[in-house]
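Letters A, B, ... are given to chains in the order of the sequence lines, protein chains preceding strands, and every chain is numbered from 1. All values reported here derive from a predicted model rather than from experimental measurement.
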Amino acid sequence: MQQQYPFKQVEQQAQQFWEANNSFLAKQSSDKPKYYCLSMFPYPSGKLHMGHVRNYTIGDVLSRYHHMKGFNVLQPMGWDAFGLPAENAAIQNNVPPAKWTFDNIAYMRKQLKSLGFAIDWSRELATCQPEYYKWNQWLFLRMLEKGIAYKKTQVVNWDPVDQTVLANEQVIDGRGWRTGALVEKREIPGYYLNITGYAQQLLDDLDQLTGWPERVKTMQANWIGKSVGVRFAFTHSIKNNEGALIDDGKLWVFTTRADTIMGVTFCAVAAEHPLATHAAQSNPALATFIEQCKQGSVMEADMATMEKEGMDTGLTVTHPLTGEAVPVWVGNYVLMTYGEGAVMAVPAHDERDFGFAKKYKLAIKQVIHVNGHIFSDAAWQEWYGDKSKGVCIHSGKYDTLHYEDAVNAIAADLKAKGLGDKQINWRLRDWGVSRQRYWGCPIPIVHCDSCGDVPVPDDQLPVKLPEDCVPDGSGNPLNKLASFVNCACPSCGKPAKRETDTMDTFVDSSWYYARYASGFSSEVMVDAETNYWMPVDQYIGGIEHAILHLLYSRFWFKVMGDVGLLDSDKIAAAEINHIKSTATQASQKNLPSNGTTVCREPFANLLTQGMVLNHIFSRRTDKGGIEYFAPEEVSLVHDEQGKLIGANALKDNLAVDFQGMGTMSKSKRNGVDPQSLIEQYGADTARFFMMFAAPPEQTLEWSDSGVEGSHRFLRRVWNFGYVLSNEKKSNLPAKLSNGLAAYRREIHATLKQANIDLHRLQFNTVASACMKILNALEKLQKEAEADWQSVAHEGCAILLRLLSPIAPHITQSLWQTLGYGDNILKATWPEALATAMVQDEVEYVVQVNGKLRGSITLAKSMEKSQIEAIAVNQPFVQKHLENASVRKIIVVPNKLINIVVG
RNA sequence: GCCGGGAUGGCGGAACUGGUAGACGCACUGGACUCAAAAUCCAGCGUUGGCAACAACGUGCCGGUUCGAUUCCGGCUCCCGGCACCA
């Protein structure tokens with residue numbers, strides 16, 4: 001008789017049970033090792049998407065697993081609540097961003113709760129709360145005091161019609177998304193954080209992040225991009241209209257290839273460079289070109305792929321070593337705000353410079369002799385492909401010097417002339433945090449005509465963001481809000497204007513993990529409890545955050561330490577030893593070896609989860625646009641083998657195009673609503689499918705039938721639980737029959753592998769281990785050998801505990817039903833027993849010349865020589881020895897025999 | 001353009017440190033149950049040839065190392081993520 005699987009009731013009861021018992025309330029406790037499990041908090045966009053479900057299920061599996069392993073677990077949740085989408089929604093629906101945001105939070109919180117996550121909701125926070133963002137402002141002021149925050153010019157995308165700054169996302173094919181106007185680059189003042197001052201630390205400390213994926217560390221190291229080169233100046237006597245030397249008569253550049261300096265044939269400067277501006281005054285064509293350079297977006301991908309263009313300024317500068325006159329060009333690929341705003345050009349030894357020189361017929365001078373290549377146009381491809389560094393030629397006194405010696409000699413000569421020196425250069429740029437937007441944390445500065453830019457005093461924090469504004473798409477509405485802008489200067493008391501720029505939302509997300517871990521005081525940013533919980537033991541989030549968010553968080557956390565907020569260097573040796581004895585492999589990796597210092601890093605272990613994909617269906621409309629179809633609006637066409645060959649729209653039964661798999665998005669209409677999934681199949685099914693369908697780090701392809709399969713499995717678990725609940729509970733007999741012993745061995749061996757997979761964070765194979773165990777249990781029951789119940793109860797208790805982090809509701813319910821206990825969370829984690837897995841015979845695979853030819857079962861203790869003799873005598877081996885003899889035999893113990901013949 | 005990653009049956013994936021390629025699931029096919037269908041259960045299922053035993057081929061492509069390569073090395077192709085104001 002099939003049992004119903006009443007998942008709604010089961011899930012509701014389990015959730016009530018956890019709530020009544022305060023099961024997930026995290027408190028400082030000294031008798032258990034701590035485990036801080038953090039998932040990247042969601043942006044409250046409206047409702048959860050599948051990426052959230054996946055992310056938070058991974059976090060929940062780890063939290064519940066560690067809970068059962070005896071850790072003191074903290075798993076918090078909150079909202080990354082400032083940002084652009086709220087302003088867009090406001091423009092569209094005429095609702096203040098605050099209301100939209102808080103409504104979304106309320107709905108999404110409900111959704112999260114229905115998924116049964118083991119979250120400590122008492123620590124919930126939203127970054128748009130003044131109690132939270134007050135501390136953004138407070139730390140920003142500390143950074144101003146320390147000189148970490150400073151003001152300089154930034155370049156932004158400017159929409160000339162809406163008179164507003166555009167985010168990169170709002171620039172489509174070089175035009176504003178609302179106006180269609182060509183976007184311009186515009187320079188405006190803004191605040192920067194000196195993250196480059198922390199570049200060396202950020203680079204060095206990557207080595208200590210042994211719990212991070214290599215690829216993320218590589219990406220960060222490349223992003224920081226340390227290079228040692230030479231900064232030097234060309235000289236000139238060009239004067240501005242006031243008669244003063246422009247930039248003191250020096251044009252500074254930086255190069256990592258100082259050995260090629262003798263091959264410089266021109267310099268390129270940014271359109272905004274003072275030399276360019278000066279030359280343009282008497283050169284209308286150049287002035288026009290400079291204007292053209294200002295068109296287009298500031299995105300690096302655009303800059304790197306655009307056609308490189310330039311124009312001669314007619315000016316020359318003097319080469320510091322040869323004294324030759326070097327022409328100065330304006331290049332559209334040189335940015336004023338990066339580096340010196342000028343570059344030297346060596347066409348013979350740089351691909352971009354070569355292209356530019358060919359295009360504008362500029363001189364090309366070979367000064368490096370690489371593996372005998374003599375420069376010529378025809379030989380260029382081969383020549384440039386040879387990236388090795390060579391020996392200087394045509395370089396006067398530097399001839400015959402190799403790269404390193406040449407750089408040293410040239411740097412020394414430049415230094416002697418006072419025109420340059422070796423310098424470390426970072427690809428990393430300082431972090432511009434000013435945004436000309438409304439829905440963000442106000443920058444706590446007041447502009448006073450008499451006193452200049454005055455920081456808001458600490459006792460006047462937070463500078464609260466007015467919550468009733470409705471942006472209209474043209475500029476920051478704060479500018480028009482007199483009640484916000486007009487204020488008294490904190491220094492002299494005279495009327496002054498408040499700064500209306502808000503902070504980059506990456507600031508909000510750079511320290512939320514530390515606030516969760518503290519007591520939410522209104523007096524301090526973080527308190528002593530933060531020291532207890534930090535660092536985060538496991539951080540989980542999308543791979544798309546591998547660089548920016550993670551780098552900013554690492555930087556911000558180091559600054560917090562530097563202003564004395566954290567005490568993460570002091571963990572008692574005793575506690576470390578205790579943690580070491582109990583910690584999982586993953587969390588142990590982060591422990592300090594000597595027991596005294598911990599590096600100031602916020603995230604000890606990192607798991608970067610893959611995206612959730614679904615089919616994309618579309619069709620060209622009559623007007624030439626694209627109409628997207630949701631997966632439930634089409635019927636799929638398969639061939640006899642089940643291969644997808646097409647699809648038809650349900651509404652008109654005409655064909656639609658299958659665009660392959662893509663990330664779930666609103667615009668492509670291929671999202672699946674988690675809510676309908678939960679209602680139709682339950683939270684446990686949603687969770688199980690998410691864990692089973694793919695390993696956490698890979699992309700996950702949505703599949704309706706895969707969800708049904710997961711639900712089918714849970715229903716079988718439910719049925720089996722009820723069948724077994726009617727069977728006697730007896731202890732294992734002293735001696736099991738061969739049949740029962742084989743089942744028991746299979747269950748324990750599967751458990752052993754599953755525990756290894758849990759440590760590897762490979763949850764898809766843990767889920768399949770649960771399936772394997774159930775398959776074994778069902779067969780065991782069907783065969784119903786005497787005493788089968790004893791093995792079945794042991795196996796079922798293993799299955800429920802192993803499955804419980806993934807599907808917590810059904811397992812909690814069955815744990816009670818089967819009388820194993822009241823609360824499965826308090827059960828001990830199952831470990832495979834060696835005694836259950838003993839085997840005296842093993843199967844050897846036999847290969848001939850590496851090809852599988854058969855297998856033999858041998859006693860486990862057999863001698864190698866005996867194994868070889870038996871293997872060679874097998875008929876399936878003898879067959880291959882008719883015209884050949886044995887040359888060598890390789891025996892891999894308990895696994896494989898390879899007989900090499902010839 | 002630059003940085004990082006990926007590619008295995010009809011599909012999602014497995015094979016943890018070079019040792020049986022395809023675990024587990026989905027889809028499909030056949031069978032049982034049923035008046036019938038759904039659900040459930042049983043069996044089959046990489047490709048090619050063969051009644052079969054078996055043989056050959058097979059982990060994106062080309063080449064290398066090795067007794068043995070999905071795994072290591074060199075060179076490609078295509079796809080995905082990031083590129084500093086989406087979060």
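Distance from the side chain of A/T765 is smallest for B/rA14 among the nucleotides B/rA14, B/rU20, B/rC26. Between B/rG1, B/rG19, B/rA27, one nucleotide has an atom nearer to the side chain of A/A304 than all others, and that is B/rG1. Out of B/rG25, B/rA14, B/rA21, the shortest distance to the side chain of A/Q847 is found at B/rA21. Here B/rC24 is the nucleotide among B/rA27, B/rC24, B/rG12 with the atom lying nearest to any side-chain atom of A/N775. Closest to the side chain of A/R715, from the set B/rC16, B/rU20, B/rA39, is B/rA39.
Atom OG in A/S39 sits 8.5 Å away from atom OH in A/Y539 (nearest 0.5 Å). To the nearest 0.5 angstrom, A/W177 atom CH2 is 8.5 Å from A/L166 atom CG.
Within the structure, every side-chain polar atom (N or O) of A/N849 is placed at least 4.0 Å from both OP1 and OP2 of B/rG68.
For A/R54, there are no salt bridge (Lys or Arg N to Asp or Glu O under 4.0 Å) partners two or more places apart in sequence or in a different chain. Looking at residues two or more places apart in sequence or on another chain, you find a ring-ring contact (aromatic ring centres under 6.0 Å, His included) between A/Y333 and A/F356. Take A/E169 and apply the side-chain hydrogen bond (donor to acceptor under 3.5 Å, both in side chains) test, not counting sequence neighbours, and it matches no residue. A search for ring-ring contact (aromatic ring centres under 6.0 Å, His included) contacts involving A/W702 returns A/F689, not counting sequence neighbours. Residues passing the side-chain contact (heavy atoms from CB on, under 4.5 Å) test with A/E300 are A/R427, A/R429, sequence neighbours excluded.
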Counting primed atoms, P, OP1 and OP2 as sugar-phosphate and everything else as base, the B/S/- map of nucleotides 79-87 of chain B against protein heavy atoms under 4.0 Å is --BSBBBSB
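Using a 4.0 Å heavy-atom distance criterion, A/S703 is classed as making no nucleic acid contact. Counting non-hydrogen atoms under 4.0 angstrom, A/K308 reaches nothing in the nucleic acid. A/V845 comes within contact range of at least one nucleobase, with a heavy-atom separation under 4.0 Å. At the heavy-atom level, A/R887 lies nowhere under 4.0 Å from the strands shown.
Residue pairs meeting the salt bridge (Lys or Arg N to Asp or Glu O under 4.0 Å) criterion with at least one partner in residues 748-761 of chain A, sequence neighbours excluded, are A/D757-A/R760. Residue pairs meeting the side-chain hydrogen bond (donor to acceptor under 3.5 Å, both in side chains) criterion with at least one partner in residues 689-700 of chain A, sequence neighbours excluded, are A/T608-A/E697.
Side-chain contact between A/I867 and A/I889 is absent, with no heavy atoms from C-beta onward closer than 4.5 Å.
The existence of a salt bridge linking A/E778 and A/R716 is confirmed by a sub-4.0 Å separation between a basic side-chain nitrogen and an acidic carboxylate oxygen.
The 5' end of RNA chain B is approached more closely, in terms of each residue's nearest nucleotide, by A/T305 than by the other of A/T305 and A/I890.
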Could you list the protein-to-nucleotides 5-7 of chain B atom pairs, N/O on both sides, closer than 3.5 Å?
none

Nucleotide N/O to protein N/O under 3.5 Å, stretch nucleotides 53-59 of chain B:
unit_1, atom_1, unit_2, atom_2, d
B/rA55, OP1, A/R853, NH1, 3.4
B/rC57, OP2, A/K851, NZ, 2.8

Between the protein and nucleotides 76-78 of chain B, which nitrogen or oxygen pairs are less than 3.5 angstrom apart?
none

For RNA chain B, the dot-bracket notation using Watson-Crick and G-U wobble pairs below 3.5 Å, [ ] for pseudoknot-type crossings and | for other-strand pairs, is (((((((..(((......[....))).(((((.......))))).((((....))))..(((((..]....))))))))))))....
Full working for salt bridge (charged side-chain N to carboxylate O under 4.0 Å, His left out) between A/R435 and A/D501: CA-CA 5 Å; A/R435 296 291 179 272; A/D501 280 1; over 6 Å; no
Practice problem: Test salt bridge (charged side-chain N to carboxylate O under 4.0 Å, His left out) on A/E868 and A/K864 and set out the steps. | Solution: CA-CA 6 Å; A/E868 288 177 2; A/K864 192 177 175 229; 3.4 Å; yes
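The distance from atom CG of A/D757 to atom P of B/rU17 is 12 Å, rounded to the nearest whole Å. Rounded to whole Å, the distance from CG on A/L896 to C1' on B/rA15 is 14 Å. Separating the CZ atom of A/R716 from the C1' atom of B/rA39 is a distance of 14 Å, rounded to the nearest angstrom. Atom pair A/L550:CG and B/rG4:C1' shows a separation of 14 Å (rounding to whole Å applied). The interatomic distance linking A/K888 (NZ) with B/rG19 (C1') rounds to 14 Å, in whole Å. B/rG25 atom P lies 10 Å from atom CZ of A/F688, rounded to whole Å.
For an aromatic pair to be called close, the ring centres must be under 6.0 Å apart, and A/W556 with A/Y552 fails this.
Under a cut-off of 6.0 angstrom, the local environment of CZ in A/R887 is sparse, with at most 12 non-hydrogen atoms contributed by other residues, nucleotides or ligands. The neighbour count for A/K779 NZ, taken as heavy atoms of other residues, nucleotides or ligands under 6.0 Å away, does not exceed 12. Within a 6.0 Å radius of NZ in A/K47, no more than 12 heavy atoms belonging to other residues, nucleotides or ligands are found.
Across the C1' atoms, B/rA37 and B/rG46 are found 33 Å apart, a figure rounded to whole Å. Atom C1' of B/rG6 sits at a distance of 14 Å from the matching atom of B/rU59, rounded to the whole Å.
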